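Quick caveat: nothing in here was measured; it's all calculated off a predicted structure. Scope of the values below: all heavy atoms of this structure, side chains included, with no hydrogens, waters or symmetry mates.
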Amino acid sequence: YEKESGFFEIAPFQFRRNGNSLSGSLRLASGGSFDSRLKGTIDLESLILFPSLFREGRGTAHLDLTASGLVKEPLVKGRVEFRPQDNAEIEFRELPEVFSNLAGSLVIDGQRLSPKLTGQFGDGNFRLGGGMRLDHWRPKEFDLTLHGTNLTLSRPRVWQFDLDADVSLKGASPAPLLAGRIDLVDGSYTKDFIVREFVLRPFEEAAEPAPWEKVVEAVQLNLFVKNSGELRIKNNVAQVLFKSDLRVGGSYGHPRVSGNLAAVEGVITYLGKNFILNEGRLEFPETAGEEPYLILQAEQQIPPTYTVFVELKGPVSD
């Protein structure tokens, strides 16, 4: 510490504890300005020091960072590297699945963060590239690309989808545009229906949206969705397989779907009887605000004389 010039300096320092092995330097000057360097290996359990962003971290990462400017608004530059042998895992506060087996780098250049990462998200694999602009360490503008295989999205007791994706996220927060193509490898809608007085209605109680869904409600959509695997309704009324050809616009919180789902095969359980599906379509109108329209036609053979047909049609809410 030099009283005359008003600065405090440690050069160099070393820190060793558990999985942490860091070295660097620090210089603090009067007025709140500083200059520092940090290099080495960090235990990702240290992410619990930032509970608003992270739930947990495991494994290690390699840092080579500099920070300077004012303590209140530091200018950070450098990179964070993840190596396959380090078994890095990160759980973000607002996301439902764990990022694991991380490999690649995050390059930090002031207010820009550029990821070049591969890894697993839940049971699926992803490759993330591009960059984003930050403002006080919060995402402000996106220019990201994502290639994913067998990624999972779900809402408990309502739906679950496993999907492959080639998408981009571009534009300013909180409403960037998510665009690209999605292939549904496996998907199911499991919410039960009330059957009363010959009318089908979804049960009124809706599952509470997950925290991550609330965060992305304003994200704009321009997605083309098809399925290469099974897409099915599986509830108390129907066991039906569909083929999809859809376009999803609007926002995540208020999506606007056009196109159709066509039934491949299935069985409808209605008034205590099973009916074999002859025709099934769920048609999504082009006009915003209009409901999807459901058409189901099925039959049951009662040997030796009778064939009973049932037709269900109308908007999905009624």
Asks: Evaluate the criterion side-chain contact (heavy atoms from CB on, under 4.5 Å) for residue pair D86 and L44; output intermediate values, then yes/no.
Replies: CA-CA 10 Å; D86 294 332; L44 292 175; over 6 Å; no

Asks: So do the side chains of N20 and S46 get within less than 4.5 Å of each other, counting heavy atoms only?
Replies: yes

Asks: With a 4.5 Å limit on heavy-atom distance, are the side chains of V225 and L163 in contact?
Replies: no

Asks: Side chains of L113 and R133: closer than 4.5 Å at any heavy-atom pair?
Replies: no

Asks: Where is the tightest heavy-atom contact between Y1 and F7, given as atom of each residue plus distance?
Replies: CD1-O, 3.3 Å

Asks: Only one of L231, I182, N260 passes side chain to side chain contact (heavy atoms under 4.5 Å, CB included) with S244; say which it is.
Replies: L231

Asks: Is there side-chain contact between L294 and L312, with at least one heavy-atom pair below 4.5 Å?
Replies: no

Asks: What's the separation between atom CD1 in I268 and atom CD in Q239, rounded to the nearest 0.5 Å?
Replies: 11.0 Å

Asks: So which atom in N274 and which in V267 form the shortest heavy-atom distance, rounded to 0.1 Å?
Replies: CB-CG1, 3.8 Å

Asks: What I want to check is whether the side chains of D43 and T60 have a donor and an acceptor closer together than 3.5 Å.
Replies: no

Asks: Kindly say whether Q120 contributes a backbone atom to a donor-acceptor pair with the side chain of N101 at under 3.5 angstrom?
Replies: no

Asks: Hey, what do you get for OG1 (T149) to CG (N125), rounding to the nearest 0.5 Å?
Replies: 4.5 Å

Asks: With sequence neighbours excluded, tell me which residues meet salt bridge (charged side-chain N to carboxylate O under 4.0 Å, His left out) with D35.
Replies: none

Asks: Measure the CD-OG distance between E283 and S258 for me, rounded to the nearest 0.5 Å.
Replies: 12.5 Å

Asks: For K72, enumerate each residue passing the side-chain contact (heavy atoms from CB on, under 4.5 Å) test, keeping only those at least two apart in sequence or located in another chain.
Replies: none

Asks: Return the minimal non-hydrogen interatomic distance between T190 and N235, and the atom names on each side.
Replies: O-CB, 3.7 Å

Asks: Check step by step if side-chain contact (heavy atoms from CB on, under 4.5 Å) holds for Y293 and K313.
Replies: CA-CA 7 Å; Y293 194 85; K313 61 183 180 179; 4.0 Å; yes

Asks: Taking distance alone, no hydrogens or angles, what donor-acceptor pairs closer than 3.5 Å link side-chain atoms of residues 295-308 to residues at least two apart or in another chain?
Replies:
| residue | atom | partner | partner atom | Å |
| --- | --- | --- | --- | --- |
| Q297 | NE2 | E311 | OE2 | 2.5 |
| E299 | OE1 | N278 | ND2 | 3.0 |
| E299 | OE2 | Q301 | NE2 | 2.7 |
| Q301 | OE1 | T307 | OG1 | 2.9 |

Asks: When you compare the side chain of P176 with that of K170, does any pair of heavy atoms fall below 4.5 Å?
Replies: no

Asks: For a 4.5 angstrom cut-off between non-hydrogen side-chain atoms, does N18 reach E45?
Replies: no

Asks: Ring pair (Phe, Tyr, Trp, His ring centres under 6.0 Å): which pairs involve residues 97-118, sequence neighbours left out?
Replies: F92-F99, F99-F121, F99-F126

Asks: So does D162 get a backbone contact from the side chain of D186, meaning a donor-acceptor N/O pair under 3.5 Å?
Replies: no

Asks: Any sub-3.5 Å donor-acceptor pair from S36's side-chain atoms to A67's backbone N or O?
Replies: yes

Asks: Should F161 and T152 be marked as a side-chain contact (heavy atoms from CB on, under 4.5 Å) after you check the CA-CA gap, both sets of side-chain angles, and the distance that decides it?
Replies: CA-CA 6 Å; F161 297 113; T152 298; over 6 Å; no

Asks: If the test is side chain to side chain donor-acceptor pair (under 3.5 Å), which one of T118, D164, D166 qualifies with H147?
Replies: D166

Asks: Please give the remaining members of the hydrophobic cluster of L70, linking ILVMFWY side chains under 4.5 Å, ordered by chain and number.
Replies: none

Asks: How long is the straight-line distance from CG of L75 back to OG of S68, given to the nearest 0.5 Å?
Replies: 5.0 Å

Asks: To the nearest 0.5 Å, what is the distance between CD1 (I233) and CZ (F242)?
Replies: 4.0 Å

Asks: Could you go through the side-chain contact (heavy atoms from CB on, under 4.5 Å) check for V107 and K116 one step at a time?
Replies: CA-CA 8 Å; V107 176; K116 192 174 181 180; over 6 Å; no

Asks: Between F15 and I42, is there a side-chain heavy-atom distance shorter than 4.5 Å?
Replies: no

Asks: Show every salt bridge (Lys or Arg N to Asp or Glu O under 4.0 Å) that has at least one partner inside residues 218-231, sequence neighbours left out.
Replies: E230-R232

Asks: How about T269 and N236: do any of their side-chain heavy atoms sit closer than 4.5 Å?
Replies: no

Asks: Could you tell me whether a side-chain N or O of E141 sits under 3.5 Å from a main-chain N or O of P139, the two making a donor and an acceptor?
Replies: no

Asks: When rounded to the nearest 0.5 angstrom, what distance separates OG in S105 from CZ in F82?
Replies: 9.0 Å

Asks: Taking all heavy atoms of F34 and all of L26, pick out the closest pair and write down the distance.
Replies: CD1-CD1, 4.4 Å

Asks: Locate the shortest heavy-atom distance separating G229 from N227; write the atom from each residue and the value.
Replies: O-ND2, 2.7 Å

Asks: Are any side-chain N or O atoms of K39 and backbone N or O atoms of G24, one a donor and one an acceptor, separated by less than 3.5 Å?
Replies: no

